[in-house]
Amino acid sequence: MTSPTGKSDATADALRDGPRRRRRRVRATGGGGGGGGSGVPLPLLVPALLGLAFLVVPLVALLVRAPWRSLPDLLTSAEVWQALQLSLVCATAATAVSLVIGVPLAWLLARVEFPGRGLVRALVTLPLVLPPVVGGVALLMALGRNGIVGKWLDSWFGITLPFTTAGVVIAEAFVAMPFLVISVEGTLRAADPRFEEAAATLGASRFTAFRRVTLPLIAPGIAAGAVLAWARALGEFGATITFAGNFPGRTQTMPLAVYLALQSDPEAAIALSLVLLAVSVAVLAGLRDRWMTTR
């Protein structure tokens with residue numbers, strides 16, 4: 001005869017083993033969905049493969065059509081290195097600007113209750129869906145020589161931003177900073193605020209708690225957002241050409257160089273595109289633990 005303790009132990013073991021057996025059956029039958037456990041349903045498999053091909057085939061075509069033999073000569077030309085150097089410098093500067101003003105903005109949205117916070121969040125994320133050319137026009141209306149802010153910068157300080165390298169940085173920061181803000185705000189919302197409250201009870205000011213407690217907690221989110229912002233700034237085209245123009249050595253970044261080369265030298269355009277593709281793959285590889293794994 002089984003003792004009550006033994007019966008309860010057997011019941012507990014069955015309860016624990018049940019989900020495992022079910023998971024094994026689901027994996028063995030390909031998801032356990034429609035189709036009576038016969039694998040992936042065909043009405044889902046076909047459009048899924050079409051979607052995969054739609055995204056992958058253009059990238060494969062870029063690799064197939066790449067001028068591999070002349071690639072070293074194309075990538076070592078002075079024009080390419082000039083555009084690449086300018087792109088790296090401007091993207092890094094735009095990321096630095098985004099960090100300085102974007103992290104406090106993300107903290108404000110995540111930690112402070114104030115009227116209209118939802119509207120402010122919508123305005124912050126608006127550049128994500130705004131056509132980049134429209135963003136460039138908006139920057140001209142705000143920071144151009146006759147803009148609502150730019151005319152004061154010009155008359156008071158003699159600062160002119162459009163069609164300058166600084167204008168490239170501003171345009172890239174405008175379109176890239178929302179990526180940083182979203183990433184950092186999400187990390188802040190996931191972080192336990194009780195650590196900050198404990199620091200406050202020990203006499204730390206709110207800024208000290210942010211600097212000594214919150215920043216170390218959200219450092220991975222800041223790093224991920226900074227990498228995403230840097231990659232977005234590196235690939236920015238529409239706002240840059242509208243607000244800063246396309247002047248070699250001053251405002252011509254890699255995407256603009258690709259656009260210009262496509263009209264006269266398609267092989268050079270493919271070579272430049274491969275550089276940007278390699279950078280994008282490197283960014284995804286660096287963020288694989290955050291974006292490419294299922295937890």
Side-chain angles (χ1 to χ4, degrees), residues 58-59 61-63 65-67 70-98 126-145 147 150 159-180 226-284:
L59 302 179
L62 186 64
L63 296 174
R65 293 297 182 90
S70 57
L71 192 62
D73 294 332
L74 291 172
L75 294 181
T76 53
S77 64
E79 295 80 7
V80 171
W81 279 105
Q82 194 175 50
L84 179 60
Q85 182 182 9
L86 184 65
S87 295
L88 295 176
V89 170
C90 291
T92 303
T95 305
V97 171
S98 300
L126 187 60
L128 292 175
V129 297
L130 193 69
V133 174
V134 177
V137 173
L139 288 173
L140 278 175
M141 297 302 100
L143 300 175
R145 284 190 173 182
I159 297 176
T160 302
L161 292 175
F163 309 108
T164 64
T165 304
V168 177
V169 175
I170 295 297
E172 291 180 350
F174 178 78
V175 299
M177 192 174 72
F179 289 89
L180 175 73
V227 172
L228 287 174
W230 183 84
R232 179 63 184 89
L234 188 69
E236 169 51 32
F237 176 83
T240 302
I241 197 171
T242 306
F243 183 65
N246 186 14
F247 301 103
R250 190 171 65 181
T251 65
Q252 188 181 86
T253 57
M254 286 287 284
L256 274 62
V258 171
Y259 175 76
L260 189 64
L262 190 61
Q263 303 175 33
S264 57
D265 191 354
E267 288 192 349
I270 295 174
L272 292 171
S273 300
L274 287 176
V275 174
L276 293 176
L277 177 62
V279 171
S280 301
V281 172
V283 169
L284 286 178

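Everything quoted here is computed from the prediction, not taken from an experiment.
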Trainee: Kindly give the heavy-atom pair with the smallest separation between Ala257 and Ala83, and that separation in Å.
Mentor: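 Result for this residue pair: CB-CB, 4.0 Å.
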Trainee: Could you tell me if the side chain of Phe174 sits less than 4.5 Å from the side chain of Pro127, heavy atoms only?
Mentor: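 With C-beta onward as the side chain, the pair touches.
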Trainee: CD1 of Ile270 to CG of Leu62: how many Å apart, nearest 0.5 Å?
Mentor: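 One gets 6.5 Å once the value is rounded to the nearest 0.5 Å.
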Trainee: Determine the minimum heavy-atom distance between Ala244 and Val168, stating which atoms define it.
Mentor: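 Smallest interatomic distance, heavy atoms only, reads CB-CG2, 3.6 Å.
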Trainee: Of all the heavy-atom pairs spanning Leu161 and Ala166, show the shortest one and how long it is.
Mentor: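 Residues Leu161 and Ala166, closest heavy atoms: CD2-CB, 3.9 Å.
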Trainee: Quick check: do Leu180 and Thr95 have side-chain heavy atoms less than 4.5 Å from each other?
Mentor: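 No, too far: nothing below the 4.5 Å cut-off.
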Trainee: Shortest non-hydrogen contact from Thr165 to Arg250?
Mentor: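 In terms of heavy atoms, the two residues are closest at OG1-O, 2.7 Å.
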Trainee: Minimum heavy-atom separation for Pro255 to Ser87, with atom names?
Mentor: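 That closest heavy-atom pairing would be CD-OG, 4.4 Å.
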Trainee: Output the distance between atom CD (Gln252) and atom CD1 (Ile241), rounded to the nearest 0.5 Å.
Mentor: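 Reported value, rounded in 0.5 Å steps: 9.0 Å.
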Trainee: Enter the distance from Leu143:CG to Phe243:CZ here, rounded to the nearest 0.5 Å.
Mentor: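 The CZ atom of Phe243 is 5.0 Å from CG of Leu143, to the nearest 0.5 Å.
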Trainee: Looking only at heavy atoms, what is the nearest atom pair of Ala233 and Ala94, with distance?
Mentor: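 Reported closest heavy-atom pair: CB-CB, 4.2 Å.
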Trainee: Let me see the working for Val175 and Arg232 under side-chain contact (heavy atoms from CB on, under 4.5 Å), right down to the final yes or no.
Mentor: CA-CA 8 Å; Val175 299; Arg232 179 63 184 89; 4.2 Å; yes
Trainee: Could you give the distance from OG1 (Thr240) to CD1 (Ile170), rounded to the nearest 0.5 Å?
Mentor: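 Spacing of OG1 (Thr240) from CD1 (Ile170) equals 11.5 Å.
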Trainee: For a 4.5 angstrom cut-off between non-hydrogen side-chain atoms, does Trp230 reach Leu88?
Mentor: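 Result yes, sub-4.5 Å side-chain heavy-atom pair found.
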Trainee: Give a yes or no on this: more than 12 heavy atoms of other residues, nucleotides or ligands lie within 6.0 Å of atom OH of Tyr259.
Mentor: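 Not more than 12 within 6.0 Å, no.
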Trainee: Once rounded to the nearest 0.5 Å, what's the spacing between atom OG1 of Thr242 and atom CZ of Phe163?
Mentor: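 That separation rounds to 8.5 Å.
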Trainee: Taking Gly238's backbone N and O only, do any of them form a donor-acceptor pair with Glu236's side chain (distance below 3.5 Å, no angle check)?
Mentor: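 It does hold such a pair.
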Trainee: Side chains of Glu172 and Thr253: does their closest heavy-atom pair fall under 4.5 Å?
Mentor: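 Yes - at least one pair of side-chain heavy atoms lies under 4.5 Å apart.
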Trainee: How many angstroms lie between atom CG of Leu272 and atom CG of Leu256, to the nearest 0.5 angstrom?
Mentor: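 Rounded to the nearest 0.5 Å, the CG-CG separation comes to 11.5 Å.
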